Amino acid sequence: MTRLWVALILSAWVASSSTQGAVRSIYVQGNVWMLHSETVNAAVQIGDDGVLVVDTMDEALADPLLGEVRRLAPGKPIRVIVNTHVHPDHTGGNAKIAAAGRSVIGGNAVAQLGQGAANRAQVYAHENVQVRMAQAGPGQSAIPTDQWPSDTFTGLQHDLYFNGEGIEFLHQPDAHTDGDTMVYFRKSDVLVTGDLYTNELFPMVDVENGGNLGGIVKALNTIIRITIPREKQEGGTYVIPGHGRLADEADIVEYRDMTTILRDRVADAVKRRLTLEQIKAAQLARDYDGRYGAARGWSTDRFIEAAYRSVLPPPASRRAGDAR
C-alpha cells in the first residue's frame with residue numbers, strides 16, 4: 001500500500017475533527033443497516049445469529065462504529081467481519097472490532113486453533129487483501145497481523161449463510177484494487193460495494209495496488225446485473241457505496257455510463273498518441289467535472305491519469321504499433 005494512496009484517501013474525504021468521530025446508521029431493508037461517517041461508509045447485518053460487519057472504517061472510527069453497532073444490536077455478538085478491499089479507511093478498525101466479537105468454533109478447530117480463537121470475530125477478505133497487507137511498501141512497515149483477515153478466499157465467489165439469509169462475497173478482479181469484494185445480502189436485497197462504487201467522485205482507481213478502470217466498468221455492470229428496481233426505477237435492490245449516499249440501480253446506470261464514456265474518450269486520445277499532459281489539457285471530463293470533480297485529493301487530473309494508465313497498451317504493443 002503506497003503512502004500516495006493513503007494521502008489521496010485522507011485528502012479526498014476531508015472532514016473536521018469534530019464530525020469525523022460520529023458514526024450514524026440508516027436502516028436500509030431486511031436485516032441490513034448502512035453505517036456512515038463524514039468520510040466513509042460501512043454496513044451491518046443483524047439477526048438471531050449475531051452481527052456481521054462489512055468494513056471497519058479507519059482506526060480512529062473503530063470506537064464510534066462499535067458504539068453504533070452496540071446501540072443497534074444490544075447484547076448481540078459480532079461474529080463476522082468482511083473487508084471489501086485493503087485500504088485503511090475500510091480496514092483500519094479490524095483489530096478493535098474483531099477483538100470485540102466472538103467466533104463460534106468447536107470440534108477439531110478448537111484443538112487446531114486454540115480456544116482463544118473464539119474470542120475474536122472472523123475477518124473475511126479475498127486473499128489479495130492479505131497479500132497486500134503483508135507487503136511493506138518503500139519506507140513502510142507491514143500492517144500489523146492483528147489487522148489482517150483471519151479467513152481468505154480465492155476465486156470469484158465465496159458463500160456464507162448467516163442470520164437466515166444467503167450472503168455472496170463477489171470478487172471483482174483488477175478494479176478499484178486487485179482484492180475488491182462486493183457483499184450481496186440475497187434475502188435483504190442489499191449490495192455493499194466498497195470503493196468499486198463511490199457516487200461523489202470520479203471512480204477511484206488504485207493502479208499501484210492492481211486497480212484498472214476497465215475492471216471498474218465490469219464491476220459496475222455486475223452491480224447492474226444484480227440490482228432489480230421497483231416501479232419507476234426507484235428502490236428495489238439498494239446499493240451501499242464505499243463513500244457517498246445510498247443508491248439504487250438507476251444511480252449505478254448513470255455512474256456506469258459516465259465511467260464508460262470517459263474511459264473511451266481517454267482510450268481514443270491514447271490511440272491518437274496524445275501525451276498524458278495533452279489529455280489533461282483537453283479537459284475530457286469537463287462535462288462531468290462539476291458533479292464528480294475535486295480540487296484536491298482524488299481530483300479530476302488524478303482520475304484522468306489513472307484512466308490513462310488503465311488504457312495504455314503494454315510496451316510491446318506500443319512498439320509494434322510504432323513499427324507499423
Side-chain angles (χ1 to χ4, degrees), residues 23-37 40-57 65 68-69 71-73 76 78-85 89-91 93 97 101 121-126 153 156-172 175-176 180-200 216 219-256:
V23 174
R24 299 181 176 87
S25 59
I26 299 171
Y27 176 65
V28 182
Q29 60 189 10
N31 295 329
V32 179
W33 281 254
M34 172 179 167
L35 302 182
H36 66 97
S37 71
V40 67
N41 295 333
V44 292
Q45 181 229 34
I46 300 170
D48 292 339
D49 297 334
V51 180
L52 182 151
V53 179
V54 183
D55 285 342
T56 59
M57 299 187 172
L65 186 153
E68 186 65 9
V69 170
R71 188 188 72 80
L72 291 172
K76 291 184 180 292
I78 297 172
R79 299 291 192 191
V80 178
I81 296 167
V82 187
N83 290 151
T84 60
H85 62 289
D89 60 329
H90 291 262
T91 63
I97 304 302
Q122 292 175 277
V123 183
Y124 286 89
H126 189 271
F153 69 97
L156 295 178
Q157 183 168 337
H158 181 78
D159 298 332
L160 181 71
Y161 195 85
F162 190 73
N163 283 328
E165 70 177 317
I167 305 167
E168 299 177 2
F169 303 163
L170 304 171
H171 174 51
Q172 306 300 301
H176 172 60
D180 297 294
T181 296
M182 298 192 299
V183 182
Y184 180 43
F185 298 95
R186 292 171 59 177
K187 185 176 179 181
S188 298
D189 201 18
V190 177
L191 182 66
V192 186
T193 67
D195 284 355
L196 291 164
Y197 170 59
T198 60
N199 53 32
E200 294 183 347
I216 286 186
L220 293 170
N221 283 326
T222 298
I223 296 171
I224 293 168
R225 178 185 61 78
I226 293 171
T227 53
I228 300 175
R230 297 178 72 176
E231 186 180 1
K232 299 185 173 114
Q233 298 294 307
E234 295 293 336
T237 307
Y238 279 108
V239 179
I240 299 176
H243 307 269
R245 59 178 176 78
L246 189 66
D248 59 18
E249 186 190 66
D251 298 305
I252 310 300
V253 169
E254 181 180 356
Y255 196 82
R256 185 277 313 271

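These figures come from a predicted structure and were not determined experimentally.
Side-chain contact check for Phe153 versus His126: some heavy-atom pair is nearer than 4.5 Å. Inter-residue side-chain proximity for Leu35 and Val69 is flagged as met; some heavy-atom pair is nearer than 4.5 Å. Inter-residue side-chain proximity for Val239 and Ile252 is flagged as met; some heavy-atom pair is nearer than 4.5 Å. Side-chain contact between Asp49 and Arg79 is absent, with no heavy-atom pair separated by less than 4.5 Å. Residues Asn83 and Thr181 form no side-chain contact, since every pair of their non-hydrogen atoms from C-beta on lies 4.5 Å or further apart. Residues Val54 and Thr84 have side chains in contact (heavy-atom distance under 4.5 Å, counting atoms from C-beta outward).
Separating the CZ atom in Phe169 from the CG atom in Leu156 is a distance of 15.0 Å, to the nearest 0.5 Å. Rounding to the nearest 0.5 Å places CG of Asp180 at 12.0 Å from CG of Leu170.
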**Request:** Please test Phe185 against Asn31 for side-chain contact (heavy atoms from CB on, under 4.5 Å), starting from the C-alpha separation and ending with a verdict.
**Result:** CA-CA 9 Å; Phe185 298 95; Asn31 295 329; over 6 Å; no
**Request:** Take Tyr184 and Val192 through the side-chain contact (heavy atoms from CB on, under 4.5 Å) test and state the conclusion after the steps.
**Result:** CA-CA 6 Å; Tyr184 180 43; Val192 186; over 6 Å; no
**Message:** Apply side-chain contact (heavy atoms from CB on, under 4.5 Å) to residues Ile224 and Val253 and explain how you reach the verdict.
**Reply:** CA-CA 7 Å; Ile224 293 168; Val253 169; 3.9 Å; yes
**Message:** Please evaluate residues His243 and Asp89 with respect to the criterion side-chain contact (heavy atoms from CB on, under 4.5 Å), reporting the C-alpha separation (whole Å), side-chain torsions for both, the decisive distance (0.1 Å), and the verdict.
**Reply:** CA-CA 10 Å; His243 307 269; Asp89 60 329; 3.2 Å; yes
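In this pair, His85 and His90 present their aromatic rings tilted. The plane angle is within the 30 to 60° band. Ring planes of Tyr197 and Tyr255: perpendicular class, angle over 60° (limits at 30 and 60°).
Although no hydrogens or angles enter the test, the distance criterion places no donor-acceptor pair under 3.5 Å between the side chain of Glu249 and the main chain of Ile228. Listed for the Thr193 side chain is no donor-acceptor partner under 3.5 Å among the backbone atoms of Met182.
Looking at residues two or more places apart in sequence or on another chain, you find no ring-ring contact (aromatic ring centres under 6.0 Å, His included) involving Tyr161.
Within a 6.0 Å radius of NZ in Lys76, more than 12 heavy atoms belonging to other residues, nucleotides or ligands are found. The number of heavy-atom neighbours closer than 6.0 Å to CD1 of Ile26, taken from other residues, nucleotides and ligands shown, is above 12.
Residues Asn221 and Arg256 have side chains that bring a donor and an acceptor to within less than 3.5 angstrom of each other.
Looking at Ile46, Leu160, Ile78 one by one, the single match for side chain to side chain contact (heavy atoms under 4.5 Å, CB included) with Leu52 turns out to be Leu160. A side chain to side chain contact (heavy atoms under 4.5 Å, CB included) with Val44 is found for exactly one of Asp55, Leu65, Val32, Val51, namely Val51.
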